[in-house]
Amino acid sequence: MQHFIEFRNVSFRYREDHPWVLKNVSFHIGSNEWLAIIGHNGSGKSTIAKLMNGLLLPQTGEIFVDGMPVNENTIWDVRKTVGMVFQNPDNQFVGTTVRDDVAFGMENHGLPREVMLKRIEESLQAVGMSEYERHEPHRLSGGQKQRVAIASVLAVSPELIILDEATAMLDPRGRREIMETIREVQRKRSLSLITITHDLNEVTQADRVIVMNEGETWMEGVPRDIFAQKDALQDIGLDTPFVTKLAAELSGAGLAMQREPLNHQELLEDLWTLHSKM
Amino acid sequence: MSSNMIIGQYVPGNSVIHHLDPRTKITIIFFFVLIVFFANSVMSYGLLTVFSLGSALSTRIPVKYLVKGLTPVWFLILFTFILHLFVTKEGTVLFSILTLDVYSGGLIQGLSLSLRFFLLILVTSLLTLTTTPIAITDAIEDMLGPLKKFRFPVHELALMMSISLRFIPTLMQETEKISKAQASRGVDFKTGPIKDRVKAIVPLLVPLFVSAFKRAEELAMAMEARGYQGGEGRSKLRKLQISRLDIYSFIVFGLVIFGLFLTRS
Ligand SMILES: Nc1ncnc2c1ncn2[C@@H]1O[C@H](COP(=O)(O)OP(=O)(O)OP(=O)(O)O)[C@@H](O)[C@H]1O
Ligand SMILES: [Mg+2]
């Protein structure tokens with residue numbers, strides 16, 4: 001199978017005299033896949049994201065995006081294919097109004113005006129921000145700005161969207177809305193998705209998880225298997241979701257689940273089936 | 001303070017002048033500023049005054065708002081008038097206040113200069129009153145376009161202006177936040193001798209600058225991630241377009257210029 005993105009033995013450091021931030025990292029993402037990357041602060045997650053669209057170039061190893069090797073000659077095509085949403089809602093809003101901001105990426109790629117008008121409408125609709133087309137950023141909430149950021153990325157019609165802690169500065173409701181928006185969008189358009197996050201509830205929704213530790217891919221697998229390794233995760237300074245902890249406590253008390261529950265719903269199901277078996 | 005001062009503020013509206021292409025407005029104002037200095041008779045001043053007041057009224061911005069907004073300028077105008085009234089010693093002595101003689105030439109000079117000053121301020125502030133800052137930026141970018149041949153960074157200048165416009169409200173909000181945070185720690189910006197107040201600004205400015213630089217860095221990264229690579233090969237969403245209204249405005253203004261040279265003495 002052709003991987004959509006592939007990291008081949010990538011190592012990276014910011015400067016010659018700095019320590020390596022990524023050490024011999026290899027992994028891949030398929031088309032339409034949702035990959036979550038977790039890891040402690042400074043484990044190299046954002047660095048991976050920046051390498052993926054050529055904001056940084058690796059010292060050793062190779063990165064392929066949709067079959068293209070990422071280098072100086074391909075970065076403009078790569079950036080059309082890979083869209084990125086950053087953490088701070090304010091510092092990625094370039095336009096003076098919502099529609100200007102959504103247009104920014106398209107203007108950079110020289111799209112004709114008629115196409116831009118059509119796509120502004122479509123992408124604002126996709127994130128539920130159509131009514132705010134003429135609003136200035138200071139009249140929007142953080143969550144609304146992040147939705148505009150997603151619309152801006154969608155407008156260029158990328159094949160992969162990276163959310164680098166895009167919900168970190170939002171309240172729980174804002175987070176939920178953004179994740180719903182994203183899931184909706186991913187369902188409607190064929191998109192690969194990478195979410196970099198400290199929010200473990202986001203992680204449980206992903207198809208696959210990569211755990212970074214000290215610049216190395218430390219573990220890789222489906223969320224259920226990853227969370228089953230609670231102790232190991234805690235050793236490298238990562239928290240596990242409440243449900244996972246609860247399940248661990250319960251099995252410690254003699255109520256072993258037959259699978260690793262990922263959310264309240266699953267835990268609830270497990271609990272009552274367990275109960276009915278007793 | 002900022003709410004009283006109208007220079008540089010945009011007042012949304014639906015008048016003809018609001019709908020003119022910003023390039024038209026800039027061009028007309030540019031030539032107006034030049035021709036004001038050609039007026040030298042009662043008739044010619046009258047003509048320019050009618051043109052300026054007519055334009056101002058046609059914007060349907062409340063007169064009270066305009067008059068109040070120009071408060072700081074009124075003082076300058078008055079000052080100009082008084083200065084010339086007493087300093088110019090031409091013509092016949094009209095009357096004298098204390099030991100100062102007022103000449104007829106002084107009166108004329110004072111009146112005409114302060115009127116000129118008033119007309120200039122009024123007409124130029126009509127530009128910002130009826131045009132969004134971003135439209136002005138677009139117009140400047142378009143009008144400076146020919147300078148690109150001489151490697152003048154026109155696109156960069158316009159982008160800089162539009163990003164500043166984008167971030168002014170953000171930085172204002174931030175200033176407020178920081179000043180509240182510092183005030184809660186006992187920093188006093190509002191009372192005390194000037195020296196202390198200036199000193200109190202420092203803990204406000206330092207965090208503001210630090211955050212502005214951080215913002216700039218992140219914004220640059222975000223722009224690059226979205227494929228920004230300079231003005232080359234870029235298309236534009238916002239479009240300037242000359243309409244019939246613009247043509248009519250140029251004709252009216254042309255007639256004013258013509259009239260001015262007829263009524264000059
Ligand atoms: N511009 C830079 N110059 C030098 N070193 C940097 C730079 N950016 C990041 N680093 C270093 O690289 C390492 C990895 O940083 P990175 O931002 O990739 O971490 P992260 O996993 O995204 O962390 P976080 O969870 O805090 O966002 C850190 O040790 C950091 O100090
Ligand atoms: Mg990071």
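Note on naming: letters A, B, ... go to the chains in the order of the sequence lines (proteins, then strands), and numbering restarts at 1 for each one.
- Using a 4.5 Å cut-off between heavy atoms, A:V156 does not touch chain B at all.
- When heavy atoms are compared at a cutoff of 4.5 Å, B:L237 approaches chain A by way of both its backbone and its side chain.
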Evaluation steps, side chain to side chain contact (heavy atoms under 4.5 Å, CB included), between B:Q229 and A:W76: CA-CA 9 Å; B:Q229 46 177 323; A:W76 304 113; 3.2 Å; yes
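- Contact detail for B:K236 and A:R113: the closest heavy-atom pair is O-CD, 3.9 Å.
- Among all heavy-atom pairs drawn from B:R166 and A:G95, the shortest one is CD-O, 3.2 Å.
- In this structure, the separation between CZ on B:R226 and CG on A:D101 is 4.5 Å, given to the nearest 0.5 Å.
- Residue A:I120 touches chain B through its side chain alone, counting heavy-atom pairs closer than 4.5 Å.
- What you find for A:N91 and B:A222 is that their closest heavy atoms are O-CB, 4.1 Å.
- Residues A:D90 and B:R215 meet the side-chain proximity criterion, which asks for heavy atoms closer than 4.5 Å.
- When the shell of 6.0 Å around CD of A:E122 is examined, it contains more than 12 heavy atoms from other residues, nucleotides or ligands.
- Separating the NE2 atom in A:H138 from the CG atom in B:L171 is a distance of 12.0 Å, to the nearest 0.5 Å.
- Other residues, nucleotides and ligands contribute only 12 or fewer heavy atoms inside 6.0 Å of the CZ atom of B:F30.
- Each of B:R234, B:E218, B:E232 has some count of heavy-atom pairs under 4.5 Å with chain A, and the biggest count is that of B:R234.
- Shown here is B:E156, whose CD atom has more than 12 heavy atoms of other residues, nucleotides or ligands within 6.0 Å.
- Interface residue B:Q173: only side-chain heavy atoms are found under 4.5 Å from chain A.
- B:S235 places a side-chain N or O within 3.5 Å of a backbone atom of A:L111 that can act as its donor or acceptor partner.
- Residues A:E136 and B:P169 fail the side-chain proximity criterion, which asks for heavy atoms closer than 4.5 Å.
- Proximity to chain B involves both the backbone and the side chain of A:F104, based on heavy atoms less than 4.5 angstrom apart.
- For the atom pair B:M223 CE and A:Q92 CD, the distance stands at 13.0 Å (nearest 0.5 Å).
- The heavy-atom pair separating A:M84 from B:A225 by the smallest distance is CB-CB, 4.5 Å.
- Proximity of a side-chain donor or acceptor of B:R238 to a complementary backbone N or O of A:D100 within less than 3.5 Å is not detected.
- Going from atom CE of B:M221 over to atom NZ of A:K50 covers 4.0 Å, rounded to the nearest 0.5 Å.
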